[in-house]
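Quick notes on the structure that follows.
Quantities reported herein were computed from a predicted structural model and do not represent experimental measurements.
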Amino acid sequence: MNKRDGFETLVDYLAAFGIDIYTGVTGGGVVHYVKYLTPYEPNQIKPALFTISEYPAGFAPLGHYLATGKVGGAIATTGAATKLLACGLSDAKLHDIPSVYIFPISTRRHQEDSALQDTSIYGSNIIKQLEAEIEDVFLLDNPYTFAKYLEQAGKALLSRKPVVFLLDNEIMNLPMPEEPKIMKKSYMIAV
């Protein structure tokens, strides 16, 4: 059985695709994900976070891909930050630019707890909003579908599509029972 939690597994899976730069702001529900990233420095080796406000962070993966041919990621916490980051997601969809967008969500177990930034159907209903925007939205809330969803996201990236990962932090903290299969690095398509 895999001893790594979902956050580390996701970072490593995306790193196998060459995703080594994320943009956004740490805090809130994404703090558990970014603990596996290093602060950005030029020529870094490990996946890194370049801290920048959410609106430009949403567009940074597009510019990164156009400049380097490599896929990048963007991270935001819940609430208005998700909306700001998603502006870049819309452009990635329209221009067929593979990119990764990561957002935490309120867990199902806390839907009616009146969370400050409730992402459930009783709050912002962000899952349905993002699914209305793009096809490849993956709710990572079950350790037994985790590897399958990562593999599906990998196929979408290979097809030059943006993907969204919605993180249920309680589930992502658990050891993942299965490793996702790593795709070949043939995704690097000349721009």
Side-chain angles (χ1 to χ4, degrees), residues 6-24 29-30 33 37 47 54-55 57-66 68-78 81-108 119-121 124-169 171-172 176 178-189 191:
F7 298 111
E8 185 177 16
T9 303
L10 180 58
V11 169
D12 290 348
Y13 182 77
L14 295 174
F17 267 83
I19 300 171
D20 59 4
I21 186 70
Y22 295 84
T23 54
V30 294
Y33 186 79
L37 306 177
E54 292 89 349
Y55 185 72
F59 290 97
L62 287 71
H64 182 66
Y65 180 77
L66 293 173
T68 67
K70 292 177 67 177
V71 178
I75 300 172
T77 193
T78 54
T82 303
K83 295 290 203 171
L84 291 168
L85 204 75
C87 294
L89 173 63
S90 295
D91 275 9
K93 171 192 167 187
L94 295 173
H95 297 291
D96 292 325
I97 296 178
S99 47
V100 174
Y101 292 82
I102 296 174
F103 307 105
I105 57 154
S106 305
T107 70
R108 289 185 189 153
T119 58
S120 75
I121 59 171
S124 67
N125 200 18
I126 198 64
I127 297 169
K128 292 296 181 195
Q129 288 187 47
L130 290 166
E131 288 175 340
E133 180 75 24
I134 71 164
E135 182 177 330
D136 297 299
V137 175
F138 301 96
L139 175 58
L140 301 179
D141 68 343
N142 183 333
Y144 298 101
T145 59
F146 182 80
K148 178 181 83 168
Y149 285 167
L150 267 58
E151 292 166 8
Q152 289 174 356
K155 290 177 185 175
L157 291 170
L158 289 170
S159 299
R160 294 177 53 129
K161 301 294 180 198
V163 299
V164 171
F165 290 111
L166 300 167
L167 310 180
D168 177 329
N169 286 334
I171 297 300
M172 295 290 290
M176 292 296 117
E178 182 182 356
E179 286 285 326
K181 292 178 185 76
I182 304 296
M183 307 267 178
K184 296 196 185 301
K185 290 187 179 183
S186 61
Y187 73 89
M188 303 257 296
I189 302 166
V191 185

* Asked: Within a strict 4.5 Å, meaning less than it, do heavy atoms of the Thr23 and Pro61 side chains meet?
  -> yes

* To do: Any chance you could lay out the side chain to side chain contact (heavy atoms under 4.5 Å, CB included) test for Lys155 and Gln152, step after step, and finish with the verdict?
  => CA-CA 5 Å; Lys155 290 177 185 175; Gln152 289 174 356; 5.6 Å; no

* What's the spacing between Ile105 CD1 and Leu167 CG if we round to 0.5 Å? -> 8.0 Å

* Minimum heavy-atom distance between Gly154 and Tyr13, given as atom pair plus value -> CA-OH, 3.8 Å

* Structure fact -> Rounded to the nearest 0.5 Å, the CG atom of Leu10 sits from the CZ atom of Phe146 at a distance of 5.0 Å

* **Residues Glu151, Lys148: salt bridge by 4.0 Å N-O rule** => no

* So, Thr82 side chain and Thr77 main chain: donor-acceptor pair closer than 3.5 Å or not? -> yes

* Spacing of SG belonging to Cys87 relative to OH belonging to Tyr55, to within rounding of 0.5 Å -> 5.0 Å

* Determine, using ring centers only, whether Tyr22 and Tyr33 are less than 6.0 Å apart. => yes

* Asked: Are the side chain of Tyr149 and the backbone of Leu139 linked by a donor-acceptor contact shorter than 3.5 Å?
  -> no

* Within a radius of less than 6.0 Å around CZ of Phe7, do more than 12 heavy atoms belonging to other residues, nucleotides or ligands occur? -> yes

* For the pair Asp20 and Lys70, find out whether any cationic side-chain nitrogen is under 4.0 Å from an anionic carboxylate oxygen. => yes

* To do: Write down the atom of Tyr101, the atom of Gly58, and the distance for their closest heavy-atom approach.
  => OH-O, 2.7 Å

* **Met176 CE to Asn142 CG distance, which is reported to the nearest 0.5 Å** => 8.5 Å

* Find the distance between CZ (Phe17) and CG (Leu158) and round it off to the nearest 0.5 Å. => 5.0 Å

* Going from CZ on Phe59 to CD1 on Ile97, what distance comes out if it is rounded to the nearest 0.5 angstrom? -> 10.5 Å

* Structure fact -> Between Leu157 and Pro98, the two heavy atoms sitting closest are O-CB, 3.6 Å

* Structure fact -> For Ser99 and Val71 the tightest heavy-atom approach is CA-CG1, 3.8 Å

* Asked: Nearest heavy-atom pair of Glu133 and Lys93: which atoms, and what distance?
  -> O-NZ, 2.9 Å

* Asked: Shortest non-hydrogen contact from Ile19 to Gly73?
  -> CG2-N, 4.2 Å

* To do: Please examine the side chains of Leu150 and Leu140, heavy atoms only from C-beta on, and report whether any two atoms are closer than 4.5 Å.
  => yes

